Enquirer: 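Next up is a structure, given as structure tokens.
Small disclaimer: the values here were computed from a predicted structure and weren't measured.
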Amino acid sequence: MEKSRFAKKYRGHQCLNCETPLEKEDKYCSYCGQLNSNKKLSFNDFFNEFFGSIFSYDSRIYRTLNVLIFKPGKISLEYIKGKRAKYANPFRFYLSISIIFFLLYGLSLNDNRDDVFIDVGNQNTATIEDYKKIKLLTENELDTLGFAERSTKKIEIYLAFDKLNPGKSISESLEELDHKDNFYNRWLF
Ligand SMILES: [Zn+2]
């Protein structure tokens, strides 16, 4: 521990951050909370600081989340009473949870997108016979489907039509399929 920047021999008489006078006994500055240490930061210190801050922050998030789920209302009551340092700052907590949510949401969205393309058929292994099995429904016949399903079906139809009629332009293909030659269909094609 003698080498640690917490060691007594590195303590000074003034906070390096806010210049508040300090005693040798003060481990931290009483005004700003910075560690009372004159030791130059080594890579090891930096590394420890980095993980320390992540985990101390994490434990607050974890505690907040835990209490929020199992004892709803407790945090609000304690907050009003003044017990606040125990829990994550509400705004920071909201931000962290949002970031985690959108990260997970983004990942799950990617998975769904893969599913769509598996449904359409793996282009590498599908044969002409596979494409012939796909019913080339007209736009009117697709009308009963919801937007997402209809779009997926269209991709499947356009892919099959293109494989069976190589070289045909998008406009010609849409006309032959009895699909509208609009921006969305062209984009899907
Ligand atoms: Zn200070």
Side-chain angles (χ1 to χ4, degrees), residues 1-125 146-152 154-155 183-184 186-189:
M1 276 308 272
E2 262 301 287
K3 273 187 184 168
S4 146
R5 56 200 194 93
F6 292 88
K8 231 175 183 169
K9 64 171 179 176
Y10 293 119
R11 289 183 196 163
H13 293 287
Q14 201 181 42
C15 171
L16 295 179
N17 184 48
C18 68
E19 296 175 6
T20 299
L22 297 173
E23 301 288 326
K24 273 269 180 199
E25 267 57 51
D26 296 331
K27 202 171 173 187
Y28 296 96
C29 169
S30 54
Y31 186 73
C32 74
Q34 177 162 293
L35 184 71
N36 180 12
S37 171
N38 293 322
K39 184 177 183 287
K40 289 238 157 61
L41 277 181
S42 65
F43 180 73
N44 204 20
D45 294 330
F46 197 73
F47 201 72
N48 285 339
E49 189 90 340
F50 178 70
F51 281 99
S53 62
I54 287 183
F55 286 113
S56 65
Y57 179 46
D58 247 5
S59 72
R60 268 193 205 185
I61 286 193
Y62 180 74
R63 184 189 294 130
T64 307
L65 200 62
N66 210 20
V67 176
L68 209 59
I69 291 170
F70 295 107
K71 289 172 186 164
K74 192 184 168 196
I75 292 184
S76 309
L77 288 175
E78 295 217 320
Y79 235 82
I80 293 166
K81 278 190 214 153
K83 287 191 179 177
R84 287 164 203 168
K86 230 167 122 174
Y87 302 112
N89 173 298
F91 298 105
R92 230 209 268 184
F93 181 72
Y94 174 70
L95 203 67
S96 310
I97 294 295
S98 298
I99 290 169
I100 294 169
F101 170 75
F102 282 111
L103 276 176
L104 293 178
Y105 184 70
L107 287 175
S108 72
L109 215 65
N110 279 345
D111 283 353
N112 288 342
R113 210 173 292 147
D114 284 346
D115 286 350
V116 170
F117 283 106
I118 289 161
D119 282 343
V120 167
N122 189 330
Q123 288 191 55
N124 297 322
T125 56
F147 177 76
E149 210 181 335
R150 193 167 60 221
S151 300
T152 312
K154 277 182 181 175
I155 294 173
F183 175 78
Y184 184 62
R186 294 177 70 86
W187 180 77
L188 285 178
F189 209 108

Enquirer: What pairs with E25 under salt bridge (Lys or Arg N to Asp or Glu O under 4.0 Å), at least two apart in sequence or on another chain?
Expert: K8
Enquirer: Got more than 12 heavy atoms from elsewhere within 6.0 Å of NZ, K83?
Expert: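 Atom NZ in K83 is not crowded, with 12 or fewer foreign heavy atoms closer than 6.0 Å.
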Enquirer: I need the F189 CZ to I155 CD1 distance, nearest 0.5 Å.
Expert: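 So the gap between those two atoms works out to 11.5 Å.
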Enquirer: Is there a side-chain contact between H13 and L22 (heavy atoms, below 4.5 Å)?
Expert: no
Enquirer: What's the separation between atom OG in S76 and atom OH in Y87, rounded to the nearest 0.5 Å?
Expert: 10.0 Å
Enquirer: Identify the two heavy atoms, one from P72 and one from I69, that lie closest to each other, and give their separation to 0.1 Å.
Expert: CD-O, 3.8 Å
Enquirer: Count the heavy atoms of every other residue, nucleotide or ligand shown that sit under 6.0 Å from OH of Y184, and state whether that count exceeds 12.
Expert: yes
Enquirer: Whether the side chain of S37 engages the backbone of R5 through a donor-acceptor N/O pair (distance < 3.5 Å, no angle test) should be reported.
Expert: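 Checking the backbone N and O of R5 against the side chain of S37, a donor-acceptor pair under 3.5 Å is found.
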Enquirer: Please check if atom OH in Y79 has more than 12 non-hydrogen atoms from other residues, nucleotides or ligands closer than 6.0 Å.
Expert: yes
Enquirer: How long is the span from the CG atom in L104 to the CD1 atom in I99, to the nearest 0.5 Å?
Expert: 12.0 Å
Enquirer: Residues in salt bridge (Lys or Arg N to Asp or Glu O under 4.0 Å) with E149, at least two apart?
Expert: none
Enquirer: Is the closest side-chain donor-acceptor distance between Q34 and Y28 under 3.5 Å?
Expert: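 Side-chain D/A pair, Q34 to Y28: absent.
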Enquirer: Are the side chains of E19 and Y31 in contact, using a 4.5 Å heavy-atom criterion?
Expert: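 Y31 does not reach E19 side chain to side chain.
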Enquirer: What distance separates L68 CG from I97 CD1, expressed to the nearest 0.5 Å?
Expert: 8.5 Å
Enquirer: Using atom types as modelled and distance alone, determine if a side-chain donor or acceptor of K24 lies under 3.5 Å from a backbone N or O of R11.
Expert: yes
Enquirer: Counting N and O atoms only, with roles assigned by atom type, does the side chain of N36 sit under 3.5 Å from a partner on the main chain of G12, one being a donor and the other an acceptor?
Expert: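 Yes, N36 side chain to G12 backbone: donor-acceptor pair under 3.5 Å.
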Enquirer: Okay, side chain of N89, backbone of R92: is any donor-acceptor separation there less than 3.5 Å?
Expert: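 Side chain of N89 to backbone of R92, a donor-acceptor pair under 3.5 Å: yes, one is there.
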Enquirer: Do the side chains of D45 and K40 get close enough for a salt bridge, i.e. N-O under 4.0 angstrom?
Expert: no
Enquirer: With rounding to the nearest 0.5 angstrom, report the NZ to OG1 distance, K74 to T64.
Expert: 11.0 Å
